[in-house]
Amino acid sequence: MKGYIYAAIAAAAYGTNPIFAIPLYGDGMDVTSVLVLRYAMAVVIMFFIIVCRDKAILRHFVSLTVKEWLILISMGVLMAMSSILLFESYRYLPAGIASTLLFCYPVIVALIMSLFYGERLSPKGCLCLVVAFLGVAALSKDDEGGTISLYGMMLVMLSSLSYAIYLIYIKRGPMRTLSSSVVTMAVLASGFLVLVLQAMGQGGVLMPVGAYAWFNVIGLGLLPTVVSLCFTSLAIQEIGSTTTAIFGALEPLTAVCLGLLVLDETLTLRMAAGMIMIFFSVTLLMMKNKR
């Protein structure tokens with residue numbers, strides 16, 4: 001039961017991303033500035049967590065080779081790209097739709113593993129791919145038949161693809177033997193550096209103005225970043241990665257509910273049907289052969 005609670009908290013916490021990010025856009029901040037502050041807070045908080053838990057992890061960083069650092073930096077670039085694309089999509093799509101489309105990443109992982117790594121795609125896996133595709137198609141139009149922002153959909157699907165490649169790299173790449181804490185800290189730090197470089201190329205980081213803006217920045221750094229990461233690790237220890245991943249369905253569900261309550265978004269029947277199809281296909285795919 002503890003594992004289930006941890007997994008639910010982790011998924012729900014990540015689903016709060018848009019309710020903190022979108023108001024910051026309204027205050028004049030750009031995507032890169034928002035993400036620089038988010039990653040900065042995450043790196044600092046993760047550093048103190050690691051120092052309190054196990055100082056040996058810090059010594060492990062020093063012992064990493066140049067090749068290992070280059071691999072970790074490339075993983076950080078993938079993570080930063082996924083974040084940039086997702087947060088940019090919030091400008092064009094309702095938070096619930098963006099979060100639901102991001103949730104397609106397990107389906108993309110299964111497709112890549114089948115196409116490039118020779119993993120057999122079962123009939124159930126094929127069914128999940130078809131249902132997920134139908135769900136995405138349903139989300140591409142509103143109830144009146146009009147098309148929602150295809151550019152926004154492209155951004156979030158590319159974000160999902162980047163995250164899928166990142167997950168495959170962790171599973172199949174040469175860094176799979178490293179401690180998860182080492183990988184997480186290195187990826188966050190390198191992703192932060194990528195975002196800082198991008199911000200410098202755009203003229204610098206725009207700082208939040210006012211107490212409400214800082215509240216959103218702090219919320220963004222704590223809930224969908226540190227809280228989500230920490231409780232995901234705790235959940236995996238208790239109930240395993242597969243069951244924890246299934247609870248990830250609470251992430252877009254949280255974004256949908258908060259979008260309706262906080263951001264005054266609307267939920268049409270067509271949108272709800274598309275989301276249900278994606279939830280169903282991804283959950284069924286991750287359940288593998290378990291009941």
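This is a predicted model, so every value here is computed, not measured. Just the heavy atoms: all of them, side chains too, but no hydrogens, waters or symmetry mates, feed the values below.
Applying the salt bridge (charged side-chain N to carboxylate O under 4.0 Å, His left out) definition to pairs two or more places apart or across chains, none involves residues 149-167. Each salt bridge (charged side-chain N to carboxylate O under 4.0 Å, His left out) pair with one or both residues in residues 88-103, not counting sequence neighbours, appears once here: Glu88-Arg91. For residues 216-237, no residue pair satisfies the salt bridge (charged side-chain N to carboxylate O under 4.0 Å, His left out) rule, not counting sequence neighbours. Listed by first and then second residue, the side chain to side chain donor-acceptor pair (under 3.5 Å) pairs that reach into residues 5-19 come to none, sequence neighbours excluded. Pairs of residues two or more places apart, or lying in two chains, never qualify as salt bridge (charged side-chain N to carboxylate O under 4.0 Å, His left out) while including a residue from residues 35-50. The side chain to side chain donor-acceptor pair (under 3.5 Å) analysis of residues 194-217, with sequence neighbours excluded, yields the pairs Thr32-Gln198, Thr32-Gln202.
Here the closest non-hydrogen pair linking Ala137 and Arg270 is O-NH2, 4.5 Å. Closest heavy-atom contact between Val36 and Ala199: CG2-CB, 4.2 Å. The heavy-atom pair separating Gly219 from Pro224 by the smallest distance is O-CD, 3.1 Å. The minimum heavy-atom distance linking Ala132 with Ser281 is given by the pair CB-OG, 3.4 Å. Among all heavy-atom pairs drawn from Leu263 and Pro18, the shortest one is CD1-O, 4.2 Å. When all heavy atoms are compared, the tightest approach of Leu93 to Ser149 is CD2-O, 3.7 Å.
Leu193 and Leu70 are not part of a single hydrophobic cluster, where members link through side-chain heavy atoms under 4.5 Å apart.
Interatomic distance, NZ of Lys2 versus CD1 of Ile5, reported as 9.5 Å (0.5 Å rounding). A distance of 9.5 Å separates CE in Met275 from CG in Leu253, rounded to the nearest 0.5 Å. With values rounded to the nearest 0.5 angstrom, Met41 atom CE is found 4.5 Å from Leu222 atom CG. Summarising the geometry, atom CG belonging to Leu24 is positioned 10.5 Å from atom CG belonging to Asp30; distances are rounded to the nearest 0.5 Å. Rounding to the nearest 0.5 Å places CD1 of Ile19 at 4.5 Å from CG of Leu258. Distance CD1/Ile84 to CG/Leu158: 12.5 Å, rounded to 0.5 Å.
No side-chain heavy atom of Leu102 sits under 4.5 Å from any side-chain heavy atom of Pro252. Looking at Leu111 and Val107, their side chains never come closer than 4.5 Å, going by heavy atoms from C-beta outward. In this structure the side chain of Phe20 never reaches within 4.5 angstrom of the side chain of Ile218, judged on heavy atoms. Using a 4.5 Å heavy-atom cutoff, the side chains of Val256 and Met271 are not in contact. Within the 4.5 Å cutoff, the side chain of Ile73 has no heavy atoms near those of the Val194 side chain. In this structure, the side chains of Thr225 and Leu220 stay at 4.5 Å or more apart for every pair of heavy atoms.
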Verdict with reasoning, Tyr92 to Val156, per side chain to side chain contact (heavy atoms under 4.5 Å, CB included): CA-CA 10 Å; Tyr92 304 95; Val156 74; over 6 Å; no
Evaluation steps, side chain to side chain contact (heavy atoms under 4.5 Å, CB included), between Val209 and Asp27: CA-CA 8 Å; Val209 178; Asp27 289 338; over 6 Å; no
Stepwise side chain to side chain contact (heavy atoms under 4.5 Å, CB included) check, Leu161 with Ile112: CA-CA 10 Å; Leu161 174 62; Ile112 292 175; 3.9 Å; yes
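A donor-acceptor contact shorter than 3.5 Å links the side chain of Ser89 to the backbone of Leu86. Counting only distance, with no hydrogens or angles, the side chain of Ser190 and the backbone of Val187 share a donor-acceptor pair below 3.5 Å. With hydrogens and angles ignored, the 3.5 Å screen pairs no side-chain donor or acceptor of Ser159 with any backbone N or O of Leu85. The closest donor-acceptor contact from the side chain of Ser99 to the backbone of Gly96 lies at 3.5 Å or more, if one exists at all.
More than 12 heavy-atom neighbours from other residues, nucleotides or ligands sit within 6.0 angstrom of CE on Met154.
A search for side-chain contact (heavy atoms from CB on, under 4.5 Å) contacts involving Met277 returns Val131, Leu134, Ala138, not counting sequence neighbours. Shown here are the side-chain contact (heavy atoms from CB on, under 4.5 Å) partners of Met81, two or more places apart in sequence or in another chain: Val77, Ser162. Shown here are the ring-ring contact (aromatic ring centres under 6.0 Å, His included) partners of Phe133, two or more places apart in sequence or in another chain: there are none. Under the side-chain contact (heavy atoms from CB on, under 4.5 Å) criterion, Ala40 pairs with Phe192, not counting sequence neighbours. Contacts of Ala110 classified as side-chain contact (heavy atoms from CB on, under 4.5 Å), with partners at least two apart in sequence or in another chain: Leu121, Leu285.
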Return all side-chain donor-acceptor pairs below 3.5 angstrom for residues 45-52, not counting sequence neighbours, or 'none' if the list is empty.
none

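Donor-acceptor pairing under 3.5 Å is recorded for the side chains of Tyr39 and Ser83.
The aromatic ring centres of Phe87 and Tyr90 sit less than 6.0 Å apart.
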